[in-house]
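Only one structure is covered here, and it is reproduced in the block below.
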Amino acid sequence: MIDFEIHRNPQPVTATEREALLANPGFGRVFTDHMVTIRYAEGKGWYDARVEPRAPIPMDPATAVLHYAQEIFEGLKVYNRVDGKLGLFRADANARRFVDSAHRMAMAPLPEELFLGSIRHLVNVDREWVPSDGESSLYLRPFQYASEVFLGVRPSLEYLYVLIASPVGSYFSGGVKPVTLWVSTDFSRAAPGGTGAAKCGGNYAAGLIAQAQAIEQGCDQVVYLDAVHRRYIDELGGMNVFFVYADGSLATPELNGAILPGITRDSVITLAREEGRTVTERPVTIDEWRDGAASGEIVETFACGTAAVLTPIGRVRAAEGEFVIGDGGTGPVTSALRQSLVDIQYGRIADSHQWTSII
Ligand code: PLP
Ligand code: COI
């Protein structure tokens, strides 16, 4: 494996300024003193791995990513645990998904050990930036883009991998409270054969117009229907979705190639099954959801993801009307699963799956 050069920031943020920034970081607005960069060139492979002061990246206007959006990213968190150690949650799964996304976008895959090495090196130099109060954490954003200066339409021959880190609180500004979703019937997020299962920037760009509509409609997030039948629930703009039934069982849309294989989704399936619940991965239609909420068969629905953790869904709004799930509040199954997950992440209970690694 290639070695990382460490270039410390000669002008880091002062301790007093950092404390002030960590007090109320919000989501994705505050950044640490350093970043990692690793370069790739066809024929040479990955080279020049370095931790360096966080700074703007100069770019030629003909850099391929600016034109054809050949870009992928990941999202994972470092937790300040109750034992005083810093813990990473299932980073190996993010490393694998980053490789899968690279393949889908015809990019050179970053070896998993370099992905994991970049995280260890960055967190080591920016340790003081991991917040410790409440459910705060250090959100890591690894990304990779086509850095070749070339306007032809073909996979780039050069890539830049970058890792930045951002201390965060809750993704939704209201903290943990039920959100309202907007059912997008005008726009699709992903189609069969498309890029829905890859974590590429283009998926999010395609969803911004629907997200803007959701905000206009007084909603927090978009829930997307499948692109073919316009009936099956795919996922939210940045989260997977689970349905909880009156008999205590759960269902979540199956990995159909159009939705992101969420690591939180996978963890929730495991935790719920350990609680003795039946969890099925299957198609769920918008009609089943609406009718189930009305009849009381569906008692809770929640969204899940690294940024969102588990977030209850209280209401669903569509052009033809709105429905409420349960009493519109946070249900007990959502609360209990959420608690189990964060207890593992913060080291409050035993991690029997070895999901956590200490940095
Ligand atoms: N779906 C989408 C579209 C996402 O952006 C995310 C967030 O990463 C998720 C689902 C949840 O994935 P994970 O649990 O791996 O964070
Ligand atoms: C994440 O949860 O890490 C994501 O990438 C989702 C995004 C909405 C912040």
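Just follow the structure's listing: the first ligand is 1, and inside any ligand the first atom is 1.
Listed by number with element, the atoms of ligand 1 under 4.0 angstrom from any heavy atom of R97 are 12 (O), 13 (P), 15 (O). Short contacts between ligand 2 and F73, defined as distances under 4.0 Å to a heavy atom of the residue, involve ligand atoms 5 (O). The atoms of ligand 2 that sit less than 4.0 Å from any heavy atom of K199 are 4 (C), 5 (O). The distance from ligand 2 to the heavy atoms of Y171 drops below 4.0 Å at these ligand atoms: 8 (C), 9 (C). Below 4.0 Å from some heavy atom of Y139 lie the following atoms of ligand 2, by number and element: 1 (C), 3 (O), 4 (C), 5 (O). Ligand 1 places these atoms under 4.0 Å from at least one heavy atom of G237: 3 (C). Atom numbering of ligand 2 starts at 1 in the shown order; those under 4.0 Å from a heavy atom of R141 are 5 (O). Counting the atoms of ligand 1 from 1 in the order shown, those under 4.0 Å from a heavy atom of G305 are 11 (C), 14 (O), 16 (O). Every atom of ligand 1 is numbered from 1 in the order shown, and the set under 4.0 Å from a heavy atom of T306 is 13 (P), 14 (O), 16 (O). Set against the non-hydrogen atoms of G238, the atoms of ligand 2 under 4.0 Å away are 6 (C), 8 (C). Heavy-atom contacts of T306 reach the following atoms of ligand 2: 2 (O), 3 (O) (cutoff under 4.0 Å).
Judged purely by distance below 3.5 Å, without hydrogens or angles, the side chains of H34 and N9 never pair a donor atom with an acceptor atom. There is a side-chain donor-acceptor pair under 3.5 Å between R90 and S267. When only modelled atom types and interatomic distance are considered, Q70 and S156 share no side-chain donor-acceptor pair under 3.5 Å. A side-chain N or O of W289 and one of T301 form a donor-acceptor pair less than 3.5 Å apart. If you check the side chains of T37 and E52, you find a donor sitting under 3.5 Å from an acceptor. Checking Y204 against K199 by side-chain atom types alone, a donor-acceptor pair falls below 3.5 Å. Side-chain contact annotation: S184 with R189, donor-acceptor N/O pair under 3.5 Å absent. D226 and N256 are not linked by any side-chain donor-acceptor pair at a separation below 3.5 angstrom, with hydrogens and angles left out of the test. Residues D287 and T285 have side chains that never bring a donor and an acceptor to within less than 3.5 angstrom of each other. Between the side chains of T14 and E17, at least one donor N or O lies within less than 3.5 Å of an accepting N or O.
Protein heavy atoms are absent from the 4.0 Å sphere centred on atom 7 (C) of ligand 2.
Regarding atom 2 (O) of ligand 2, its nearest protein heavy-atom neighbour is A307 N, 2.8 Å. Taking atom 5 (O) of ligand 1 as the reference point, the nearest protein heavy-atom neighbour is Y204 OH, 2.5 Å. Taking atom 13 (P) of ligand 1 as the reference point, the nearest protein heavy-atom neighbour is I263 N, 3.5 Å.
With a 4.0 Å heavy-atom cut-off, ligand 1 is reached by the backbone of T264 and by its side chain too. Neither the backbone nor the side chain of K77 comes within 4.0 Å of ligand 2, counting heavy atoms alone. In R189, the part holding a heavy atom less than 4.0 Å from any atom of ligand 1 is the side chain. If you look at M239 next to ligand 1, the close heavy atoms, those under 4.0 Å, all belong to the backbone. Under 4.0 Å from ligand 2, not a single heavy atom of M239 appears.
Summarising the contacts of atom 9 (C) of ligand 1 with G238, G262, A307, the nearest heavy atom is found in G238. Of the listed options K199, E235, R265, K199 places a heavy atom closest to atom 7 (C) of ligand 1.
Surrounding CD of E320 are more than 12 heavy atoms belonging to other residues, nucleotides or ligands, all under 6.0 Å away.
Between Y232 and H229, the two ring planes are perpendicular [angle over 60°; tilted spans 30° to 60°].
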**Report entry** H353/E274 under side-chain hydrogen bond (donor to acceptor under 3.5 Å, both in side chains): CA gap, chis, key distance, verdict
**Finding:** CA-CA 11 Å; H353 309 94; E274 279 172 5; 2.4 Å; yes
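Residue contacts with ligand 2: E74 is excluded, as none of its non-hydrogen atoms falls under 4.0 Å.
Among Y161, Y47, W46, Y159, the single residue meeting the side-chain contact (heavy atoms from CB on, under 4.5 Å) criterion with R39 is Y47.
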